Each structure stands twice: as C-alpha cells, then as structure tokens.
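This report refers to the structure that appears directly beneath it.
Residue numbers run from 1 in the order of the sequence given. Predicted model only: the values in this text are computed from it and were never measured.
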Amino acid sequence: MKLNWLTKSTILLASVKLFGAAVTVQDVVVYGGTAAGVTAAVQAARMGKKVALVAPEKHVGGISVEGLGGSDIDNHDFRNSMAVGGLALEFYTRVGQKYGKQKPVWQFEPHVAEAVFEDMLEQAHVPVFRGRRLKEPLSASVVWGEGKKLAAIVTESGEVFEGRQFIDASIEGDLLFAAGVETVIGREPNSKYGETKNGIRGQNEYRQFPVRVDPYKVPGVASSGLIATIQDEALGVPGSGDERVQGYCFRLCLTRRPENRLAISKPAHYDPAQYEIYRRYAAAGGHLFAPQENVPNGKTDLGSWHDLSANLYGMNFEYPGGSYAVRAQVYQQHLEFTWGLLYFLAHDAGLPERVRAAWRDWGLCKDEFTDNGGWPRQIYVRDARRMVSDYVLTEAHTRRLNAPRVEDAVAVAYWPPDMHHVRRIVKDGAAYNEGFVFGGKDWGPFSIPYRALTPRRSEATNLLAASCPSSSHVAYGAIRLEWTFLALGQAAGAAAGLAEGDVQDVSYPKLREVLVRAGAVVSVQGVTGLMGR
C-alpha cells in the first residue's frame, strides 16, 4: 500500500513517541539562528503559520549579535539604504528606537541587536529552540516523507521537528547538505560560469602588502621554513578553482572606557613567534591596523579586511564541511591566535611604540558576550557551503551593464563582489596575500531571484535556502551582507507561508504581493537611484 505524506508523518510520530523522543509539529521549521533565520520565522508567523526556529546557537541573530555592528549600509560611499526595506528596515528602525531615535540606526552594539531580534521573535510568538544542532552524521538528521518532501529533522538530543515546509537559514548550509541538495565549497574555475573574478587570482593588488615582508624563519633562507600564517604552496594556475574560502575572523567589540573594560591578559599558551610577520611588517614600514570607536558607547566593530590583521588566511578551509568537532577546533584556533595578537600588539618590544600605544588602552567589554568572557561566541564565517540549483547567480548578475534580467526577484543585493583573501603564500620571495576581490567600476546592484532560493525539484520540494542561495563564489561575495540576509530570510519565510505544495510551484505574483505589502524592496527595476539600473 502506498502511503501518503500525512500517513508517513503519523507513523514517524508514533515511532519517535514510542522511543521517548520529543516531537514538535509545525507548519514551518526554520533551521539556523542567523539574521535570515529570524526574519524567515517572523515573516511566516505573521502570515499565521505555526513556526519553530531551531537554532544551533544559544544566541540568535547571527554575526550581528556577535560583533558586526557596522551594517555597511550607506558606507564606502554606497548610498544603498534605498535597497533596505521590509523586516530589514524594521530591524534597523527598532535598533534606532533602542537608542532613543525614531529612525533607522546602521551602527549598533551586539547586545542591542540581540535585544531587537528577541523582541521581534517574541512579538511574533515564535518559539526558539536554542542549542539544537542537527544530528551527526548530517545524513541521519533528515526524515523523508512522500517523494522528495522532508517530514522532519532530528537534533543531537533526539528531538524531532516535524513540518510541512523547511528553511535552511544556516551559513553553513547544513540542512541542505543533510537533505542531499547539491552544495559547493570554495571557488569555481572562471570557465564554469564564464566569469573573470573567480578562482585563483593571478595578480592581487587590493589589500596587498605595500611593503616587502620576508617569509622565512631565517630571513633570506628558504630552507629554514616559513614563519607563522604563511602556507607552503604554489600560487597555482590563475582562474582555476579550489576549495579555499574567505578568511574568517572575530568582529571584536572593544572599548577603552575604564568602567567597562576587561583588560587583555597574557594568554596561557602565548607564543610571540606566532606574530613574527607583524614585527617584520612594521619594521618594513607597514602601518598595522588599530581600533577606533565606530559603534555607540565608545565601542568598536573591529573587523579584519586589511592586508595584515586578524584574518587567518588559509587556516579555515576545514570548517565549512567539517564536523562540529572540527568547527570547534577552528573556532578555538582563531580565539587563541586573536587573543595572543591583541596582547602582542599592546606589549611586544619588537613593535614601534606608536603601535603599542594605539592598542594599550583597549580591552574587551564587560557588558558584551557576558557568558563567554567578553569574546564573541562565533567567528565571522564569511562563506561556507552554497547551494547549486537550476538557477545560479554569477558574476554576470553583479555587472553594472548588461546584467541578466530577473523576472522573479525577491530581494536586492547592493554591494560589490567582496571576497577576502583565501590564503597567504610566498611569491617572488615575499609574503603574498591571494584571493581578494572588491569594488571596481563594473558592478551594480542586482535582483536576487526566487529560483536561487529553491533547490532542484529532484532533490527537495519543501526546502528553501535563505542564507546560502544558489550562487557562485563571486556572486555570493556581493550577497553576503547581513541586511541582504534579512531580506532573503523574509522572502523565504513568505514563500514557505504561501506554499501549499512544492516550493518550486509558489506563485511568484502572490509572493511578490506579500513582500511588497510588507515593505520589502524586491527588485532593482523601478527603484530610483540604484546606480542607474
């Protein structure tokens, strides 16, 4: 006898109850406590759906609650706030209200962002299941119903979340991968999609060392080995693909206000040799990065986008497809390195006094990340897995001129392709950063189609990708802004709320109507001022 989806779900519920597992039944199950996860859950709930937000994290909101307080809205001379609408604009407006302003505020403290996200979820009556990671191996975390419909997901604790529609709002794309949806990690070759900015970069000038830094333990002696942070590998063939991903870092929230400052102590396993490249860089005349107050109440959003900062280029490639244990190791490696770096910059006698003075008075914040000693609980995972579906966003979409016209637009990306270096190697006998692409004059804002959020029908019919849409390395570099994730989450939540069958069959006119009614900016067409497009 052929069983329909409802019958299979009933059998599933009966079997898990028999073994004592907790079962939560929803219309929409959102996996991932990112900014996209919040807006996906809130949008679906506001449409009257019963929603569960299943978060691997204990704190929801993604990197915005883990130190990224600079939104890159109306920044770098990009007047891109006109592309921010819907729940994204609501978020920033609520942030402004927390600071006593009746307008959007684009720079904010982590705990303020978290409070706003919590308010939005509470007011939408969305239950949040925190610290629930998919069961490992990931393939064992998905229960299938009829055909290519997910019936439920299972967490490490054995809890079962049954739903009619599912949304992967994780940066890592874990639910997509668990469901067997095609994903990719790293850089495609330029030849794959007819691109020019993908793959190994033959020449990198952006964020490149302006001074010559000797890479060898014994200067000038290649046989002595390489100093820390430099990988022993050849450049490779320009334009060819690899599995490297953008460097990760912490978005550090620091302060120099004594009443709120936690001093940077000397780490237990401090090894100053790990930071030799910083000494040599400074000695050669390079200008090391330094903190500055750029979010409210005397705090920093100290990211790493410089030629030499806290990005650990080439030391994160195991993270995207790694087990939870591997990811924890990558986090710990970044924590220990960054902690030591902050201490080094303030105290090492091999640095110029002006460098030490610039860092000496800064420390972690007593009122941020209070459950983790003032350190963010997540590193900034700039990219991990990306979905590959029937429609792939590529470099062509990011171009200012002759970009493909999108007929099913649900959000706007208003940022240039922005891919940080992926590794640090030796080139012509000196330290060399490889991989950064940013800016230029050939890019423009572009519409993100609904088709880029849906997997192939042959893979899954009730699963959407909110934060790792179908896109190349280059295109994802223009999408990966938090406010864009907020918009994509809302689009995925609206689609899940509308879906009565396969997500691939959601009526685009109805989806657009829901989003426009909610104030979302769905397309560059007809939006005044979007760089002439």
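For the pair F485/T34, no side-chain contact is recorded, criterion being any heavy-atom separation below 4.5 Å from C-beta on. Side-chain contact between L351 and L345: present, with at least one pair of heavy atoms (C-beta onward) separated by less than 4.5 Å. Counting heavy atoms from C-beta outward, R382 and N311 have side chains that approach closer than 4.5 Å. Residues E482 and I63 form a side-chain contact, since some pair of their non-hydrogen atoms from C-beta on lies under 4.5 Å apart. Side-chain contact check for L89 versus P104: some heavy-atom pair is nearer than 4.5 Å. Looking at heavy atoms from C-beta onward, V406 lies out of side-chain contact with I448 at the 4.5 angstrom threshold. Side-chain contact between V521 and V84 is absent, with no heavy atoms from C-beta onward closer than 4.5 Å. Side-chain atoms of L453 and S389, non-hydrogen and from C-beta on, never get closer than 4.5 Å to each other.
Checking side-chain atoms of E368 against main-chain N and O of G374 turns up no donor-acceptor pair under 3.5 Å. Without hydrogens or angle criteria, S309 side chain to S304 main chain gives no donor-acceptor distance under 3.5 Å. For the pair S141 (side chain) and L134 (backbone), a donor-acceptor distance under 3.5 Å is absent. Side-chain N or O atoms of Y216 include none that pairs as donor or acceptor with a backbone N or O of A430 at under 3.5 Å. In this structure a side-chain-to-backbone donor-acceptor pair under 3.5 Å is missing from E57 to G32. Judged purely by atom type and a 3.5 angstrom limit, D168 uses its side chain to pair as donor or acceptor with the backbone of L176. Here the side chain of Y432 pairs a donor or acceptor atom with the backbone of N204 at under 3.5 angstrom. Under a 3.5 Å cut-off, the side chain of S471 and the backbone N or O of P469 do form a donor-acceptor pair.
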(request) Run the numbers on V38 and V30 for side-chain contact (heavy atoms from CB on, under 4.5 Å), then give the verdict. (result) CA-CA 9 Å; V38 173; V30 180; over 6 Å; no
(message) As a quick check of understanding, evaluate ring pair (Phe, Tyr, Trp, His ring centres under 6.0 Å) for H334 and Y380, giving each step before the final call.
(response) CA-CA 10 Å; H334 280 69; Y380 186 14; over 10 Å; no
(request) Before giving the answer on side-chain contact (heavy atoms from CB on, under 4.5 Å), spell out for M387 and C468 the whole-Å C-alpha distance, their side-chain angles and the decisive distance to 0.1 Å. (result) CA-CA 6 Å; M387 182 172 70; C468 38; 5.6 Å; no
(request) Step by step, work out the side-chain contact (heavy atoms from CB on, under 4.5 Å) result for Y391 and D408. (result) CA-CA 11 Å; Y391 191 105; D408 55 341; 5.7 Å; no
(message) With side-chain contact (heavy atoms from CB on, under 4.5 Å) as the criterion, how do V474 and T394 come out once you've worked through the C-alpha distance, each side chain's angles and the decisive distance to 0.1 Å?
(response) CA-CA 7 Å; V474 176; T394 69; over 6 Å; no
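Defined by atom type and a distance below 3.5 Å, a donor-acceptor pair is missing between the side-chain atoms of Q333 and Q329. Using a 3.5 Å distance cut-off with no hydrogens or angles, the side chains of R377 and H59 do pair a donor with an acceptor. Between the side chains of Y281 and D307, at least one donor-acceptor pair of N or O atoms lies under 3.5 Å. Side-chain contact of S472 with E195: a donor-acceptor pair under 3.5 Å is present, judged by distance alone.
Within 6.0 Å of CD in E243 there are 12 or fewer heavy atoms belonging to other residues, nucleotides or ligands. Within a 6.0 Å radius of NZ in K427, more than 12 heavy atoms belonging to other residues, nucleotides or ligands are found. Counted within 6.0 Å of CD on E205, heavy atoms from surrounding residues, nucleotides or ligands total 12 or fewer; the atom is thus considered open.
Shortest non-hydrogen contact noted between D74 and R79 is O-NH2, 2.8 Å. Of all heavy-atom pairs between P296 and Q107, the closest is CD-O, 3.6 Å. Annotation for I167 and A466: closest pair CG2-CB, 3.8 Å, computed over non-hydrogen atoms. Residues P376 and L252 share a closest heavy-atom pair of CD-CD2, 4.5 Å. Closest approach of G303 and W305 over heavy atoms only: CA-CZ3, 3.2 Å. Taking both residues in full, the closest heavy atoms of A35 and F117 are given as CB-CZ, 4.0 Å, listed atom of the first, atom of the second, then distance.
Using cut-offs of 30° and 60° for the angle between ring planes, the Y331 and F250 rings count as perpendicular. By the 30° and 60° cut-offs, the orientation of the rings of W339 relative to W375 is tilted. In this structure, F289 and W359 have perpendicular ring planes: the angle between them is above 60°, well past the 30° mark. Ring geometry for Y275 versus F337: interplanar angle of 30 to 60°, hence tilted. Taking the six-membered ring where tryptophan is involved, the planes of F91 and F108 are perpendicular, since the angle between them exceeds 60° and thus also 30°.
When V211, V213, L308 are each tested for a side-chain contact (heavy atoms from CB on, under 4.5 Å) with R280, only one passes: V213. Of the residues listed (T398, D442, N190), the one engaging K197 in a side chain to side chain donor-acceptor pair (under 3.5 Å) is D442, and it is the only one. Checked options D214, I227, I230; the residue passing with E276 is I227 (criterion: side-chain contact (heavy atoms from CB on, under 4.5 Å)).
Expressed to the nearest 0.5 Å, how far CD1 of I264 lies from CG of D361 amounts to 12.0 Å. With values rounded to the nearest 0.5 angstrom, E459 atom CD is found 9.5 Å from T183 atom OG1. Separating the CG atom in L312 from the OG1 atom in T338 is a distance of 6.0 Å, to the nearest 0.5 Å. Of the inter-residue distances, the one linking I425 atom CD1 with R423 atom CZ reads 4.5 Å to the nearest 0.5 angstrom. Rounding to the nearest 0.5 Å places CZ of F436 at 5.5 Å from CG of D418. Here the CG-OG1 distance, from L254 to T300, works out to 4.0 Å after rounding to the nearest 0.5 Å.
R244 and E233 are joined by a salt bridge, as a carboxylate oxygen and a charged side-chain nitrogen come within less than 4.0 angstrom of each other. Taking a cutoff of 4.0 Å between a charged side-chain nitrogen and a carboxylate oxygen, D390 and R451 do not qualify as a salt bridge. R480 and D383 are not joined by a salt bridge, as no carboxylate oxygen comes within less than 4.0 angstrom of a charged side-chain nitrogen. A salt bridge links R187 with E434; the closest basic N to acidic carboxylate O contact falls under 4.0 Å.
Cation-pi contact between R385 and F177: present, with separation from the ring centre below 6.0 Å and deviation from the ring axis of at most 45°.
Aromatic pair Y450/Y508: centroids not less than 6.0 angstrom apart.
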